[in-house]
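Everything below concerns the one structure shown next.
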Amino acid sequence: TFLRNSPLPAAQSEAMMKTRLSGNAALDIDIEIPLIMGRVSDTKVDGVMDFYDASYAIENTFVSLEKLNGRARFNELGAIDSDLQAQIFGRDINLNVYGRKNKVAGVDTIIDVNAAIDPKNLPVAGLKPIFDKVSGESNWNLHIKLPNPSAAPYDRGLFINAETDLTGT
């Protein structure tokens with residue numbers, strides 16, 4: 001709630017508004033806010049968030065993490081780096097969360113995940129008829145770009161790129 005009510009642009013972003021975090025976490029944040037009217041955009045943030053068996057989800061997506069543990073660092077532009085572990089679809093995973101400059105001088109938040117998953121456990125209704133015909137686990141690499149209203153119009157939404165070594169006939 002503190003971050004969502006912040007005057008910082010990143011806190012008002014679509015990514016933050018659609019994020020649901022519950023459980024135990026600790027926030028250590030240093031904020032430098034200019035005392036000159038009209039200079040709030042020059043605010044500097046240096047923060048660390050520690051997670052202890054927390055849950056994290058993005059509304060209206062299949063991105064839902066359980067047993068989230070570890071540390072994420074961020075600044076006024078967004079994520080810097082992380083050392084996070086969690087469970088998704090009942091599987092242990094490591095997450096790499098970081099910021100990447102976009103084409104309009106903003107920063108996109110990226111989440112990279114590598115996990116061995118049985119495709120039958122994926123909540124992707126459109127692919128269910130295909131996944132019902134396979135058995136066993138395969139390696140999946142997920143690259144998730146969170147929504148960012150400061151990005152170019154064609155690049156503002158949630159983007160998920162999934163690759164797998166799933167093979168068969």
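What's counted below: heavy atoms across the whole structure, side chains too, no hydrogens, waters or symmetry copies. Here, residue 1 is the first one in the sequence, and each next residue gets the next number.
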To the nearest 0.5 Å, how far apart are [atom1] in [X] and [atom2] in [Y]?
X: T43; Y: I31; atom1: OG1; atom2: CD1; value: 8.0 Å
X: W140; Y: I88; atom1: CH2; atom2: CD1; value: 11.5 Å
X: Y56; Y: R20; atom1: OH; atom2: CZ; value: 10.5 Å
X: I93; Y: I117; atom1: CD1; atom2: CD1; value: 7.5 Å
X: L77; Y: D108; atom1: CG; atom2: CG; value: 11.5 Å
X: E137; Y: T164; atom1: CD; atom2: OG1; value: 10.5 Å

Closest heavy-atom pair and its distance - A25, M49: CB-CE, 3.8 Å
Given salt bridge (Lys or Arg N to Asp or Glu O under 4.0 Å), test R71 with D50 step by step and report yes or no. CA-CA 4 Å; R71 171 172 281 195; D50 291 305; 2.7 Å; yes
Is the shortest side-chain heavy-atom distance between [X] and [Y] below 4.5 Å?
X: T109; Y: F74; value: no
X: L65; Y: L95; value: yes
X: I110; Y: V97; value: no
X: L84; Y: L68; value: yes
X: Y98; Y: D112; value: yes

Applying the 4.5 Å side-chain criterion to the ILVMFWY set and letting contacts propagate, would [X] and [Y] be lumped into a single cluster?
X: F159; Y: I111; result: no
X: V113; Y: L21; result: yes
X: F51; Y: L27; result: yes

Does the pair V45 and I29 meet the rule for a side-chain contact (heavy atoms from CB on, under 4.5 Å), with working shown? CA-CA 7 Å; V45 176; I29 189 168; 3.8 Å; yes
Side chains of E163 and N141: donor-acceptor distance under 3.5 Å anywhere? no
For N114 and N94, does a side-chain donor sit closer than 3.5 Å to a side-chain acceptor? no
Taking D165 for the side chain and N139 for the main chain, is one N or O donor matched with an acceptor at less than 3.5 Å? yes
Without swapping roles, check the side chain of R73 against the backbone of D81 for a donor-acceptor pair under 3.5 Å. no
Check the pair S55, E66 against side-chain hydrogen bond (donor to acceptor under 3.5 Å, both in side chains), reporting the backbone distance first and the verdict last. CA-CA 5 Å; S55 297; E66 300 296 325; 2.8 Å; yes
Could you go step by step and tell me if K67 and D53 meet the salt bridge (Lys or Arg N to Asp or Glu O under 4.0 Å) rule? CA-CA 4 Å; K67 297 183 181 179; D53 287 329; over 6 Å; no
